[in-house]
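Basis for what follows: all heavy atoms, side chains included, without hydrogens, waters or symmetry-related copies. Owing to the predicted nature of the structure, the values given are computational and were not obtained by experimental measurement.
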Amino acid sequence: MKRLWIGWLALLLLGAWPALAQQSRLEVVKSRGRLVCGVNAVLPGFGFLDQRTGKYAGFDVEFCRAVSAALFGDPDKVDYVPLDARVRFQAVQNGEVDVAFRNTTVTANRDGALGVDFLPVTFYDGQGVMVKKGRANALRDLEGATFCTTQGTTNEKNISDYIRARKWRNTRLLTFEDGAKVMAAFLQGRCDAFTADKSQLVGFRATAPNPEELVILKETISKEPLAGFVRENDSRWRDALSWIVWATIQAEEFGITSKNLDQFLKSDVPEIRRFLGLDGTLGQDLGLPKDFVVRILRAVGNYGEIYDRFFGPKSPFHIPRTGTLNALQRYGGLMYSPPFR
């Protein structure tokens, strides 16, 4: 009887194991009542600790807030974990954070070998080079120079490939653990050129003591589509977060903003009503509240509002959007959402 009882217990545990093993991070986060979000803490524009408020701010941080708003109706139910480039993937893999929104490039190797799944691209970028005025007019002038960049990034690999492909002699590469330390080394004269995503260079240039003395060269040497990411093989969590990101883009496509939202809530247009959760079961189907889009828009606004807040003409880190890949698809860019239906 004892053996029989143990056998039945084993079968019961084996039967329950798939359900336990497959519990989505979506349910874990909802039960916890707070989101744990990995961010950059030292990148102007994208993720930084605002010295005036003592709070994390930035373009990427807004997507953490959007997720919190969608799940809990409150954009501030977030615990932020600062991650440098070397540990960001491990932090997601081991469950230290629920998601990372941290200026990370989508690549085949990362998607296939690092145990993470990427969310929709939120910013299309490319790697560039910044020098002190008078040092160079183009990249070709930097043979024999010393470049600085961040450890564990695509920027490090790209500039190494660039130098090797051109067989540049006496050209050196120094790496540091984060962009702030790279910038410090560059300003101290330890290197001739700072190479990173161009959006990062804009941010660091804007915070320099004498930004007019720094020049970002015209050349772009890579593709850098930036996206958030979650642990691999949790489609329920990935789907929910993907549609939260797409909701900000779709809202801009519809022309819905945080300011005119109440007007659109009176709409009788079927696709608007479905999008805002007035009709249908889109939120429920994704494991989200029915009005998750409304919650997002009230908290952070649409994609254009988020972009302008940190990269618009009135921001310290102005990065023109018109005519770039970050424009909406109807204006020649790559930003558009799949249908909400």
Item to check | Note, Asp125 side chain near Pro225 side chain (heavy atom, < 4.5 Å) | outcome: no
Item to check | Arg25 with Asp234: basic N within carboxylate O range, under 4.0 Å | outcome: no
Next on the checklist: Count I, L, V, M, F, W, Y as connected when their side-chain heavy atoms are under 4.5 Å apart, and connections chain through other members. Are Tyr80 and Leu49 then in the same cluster?
Outcome noted: yes
Item to check | Derivation and outcome, side-chain contact (heavy atoms from CB on, under 4.5 Å), residues Leu288 and Ile244 | outcome: CA-CA 9 Å; Leu288 297 170; Ile244 287 170; 4.1 Å; yes
Checklist entry - Do Asp197 side-chain atoms and Ser199 backbone N/O form a donor-acceptor pair below 3.5 Å? => result no
Checklist entry - Does Glu305 use its side chain to pair, donor to acceptor, with the backbone of Ser258 at less than 3.5 Å? => result yes
Next on the checklist: Do Glu224 and Lys198 make a side-chain contact, defined as non-hydrogen atoms from C-beta onward lying under 4.5 Å apart?
Outcome noted: no
Checklist entry - Taking the six-membered ring for Trp, are Trp168 and Phe147 parallel (under 30°), tilted (30 to 60°) or perpendicular (over 60°)? => result parallel
Checklist entry - For the side chain of Asp98 and the backbone of Cys37, is there at least one donor-acceptor N/O pair under 3.5 Å apart? => result no
Checklist entry - Do the non-hydrogen side-chain atoms of Phe63 and Val99 ever get within less than 4.5 Å of each other? => result no
Next on the checklist: Would Ser337 and Glu253 count as a side chain to side chain donor-acceptor pair (under 3.5 Å) here? Give the steps.
Outcome noted: CA-CA 8 Å; Ser337 168; Glu253 291 186 89; 4.8 Å; no
Checklist entry - With a distance cut-off below 6.0 Å to the six-membered ring centre and an angular limit of 45° from the axis, does Arg110 pair with Phe229 as a cation-pi contact? => result no
Checklist entry - Under 6.0 Å between the ring centres of Phe46 and Phe123? => result yes
Checklist entry - For Glu212, does its backbone N or O pair with a side-chain atom of Asn210 as donor and acceptor, under 3.5 Å? => result no
Checklist entry - Any salt bridge between Arg166 and Glu143, counting N to O under 4.0 Å? => result no
Next on the checklist: Applying side-chain contact (heavy atoms from CB on, under 4.5 Å) to Leu214 and Phe204, what does each step give before you reach the verdict?
Outcome noted: CA-CA 10 Å; Leu214 305 178; Phe204 282 116; over 6 Å; no
Checklist entry - Taking everything shown except Arg330 itself, do over 12 heavy atoms lie less than 6.0 Å from its CZ? => result yes
Checklist outcome for this item: All heavy atoms of Asp192 vs all of Phe186, minimum pair found to be O-CE1, 3.6 Å
Item to check | Where Val42 and Asn40 come nearest, the two heavy atoms and their spacing | outcome: N-OD1, 2.9 Å
Next on the checklist: For Lys223, is the NZ atom crowded, meaning more than 12 foreign heavy atoms sit under 6.0 Å from it?
Outcome noted: no
Item to check | Distance-minimising heavy-atom pair for Cys148 and Phe176 | outcome: SG-CE1, 3.7 Å
Item to check | Exercise: do Thr281 and Asp285 side chains pair donor with acceptor under 3.5 Å | outcome: yes
Item to check | Salt bridge present between Asp76 and Arg65 (N-O < 4.0 angstrom) | outcome: yes
Next on the checklist: Checking side chain to side chain contact (heavy atoms under 4.5 Å, CB included) between Glu156 and each of Leu173, Thr195, Asp161, which is the one that passes?
Outcome noted: Leu173
Item to check | Shortest non-hydrogen separation from Leu26 to Gly287 and the atoms involved | outcome: CD2-O, 3.9 Å
Checklist outcome for this item: In short, Val92 meets Val230 closest at the heavy-atom pair CG1-C, 3.3 Å
Next on the checklist: Any salt bridge linking Asp74 with Arg34? Criterion: basic side-chain nitrogen under 4.0 Å from a carboxylate oxygen.
Outcome noted: no
Checklist entry - Which of parallel (below 30°), tilted (30 to 60°) and perpendicular (above 60°) describes Trp246 and Trp243? => result perpendicular
Checklist entry - How about Tyr124 and Met335: do any of their side-chain heavy atoms sit closer than 4.5 Å? => result yes
Item to check | Considering all heavy atoms, the nearest Arg88-Asn103 contact | outcome: NH1-O, 3.8 Å
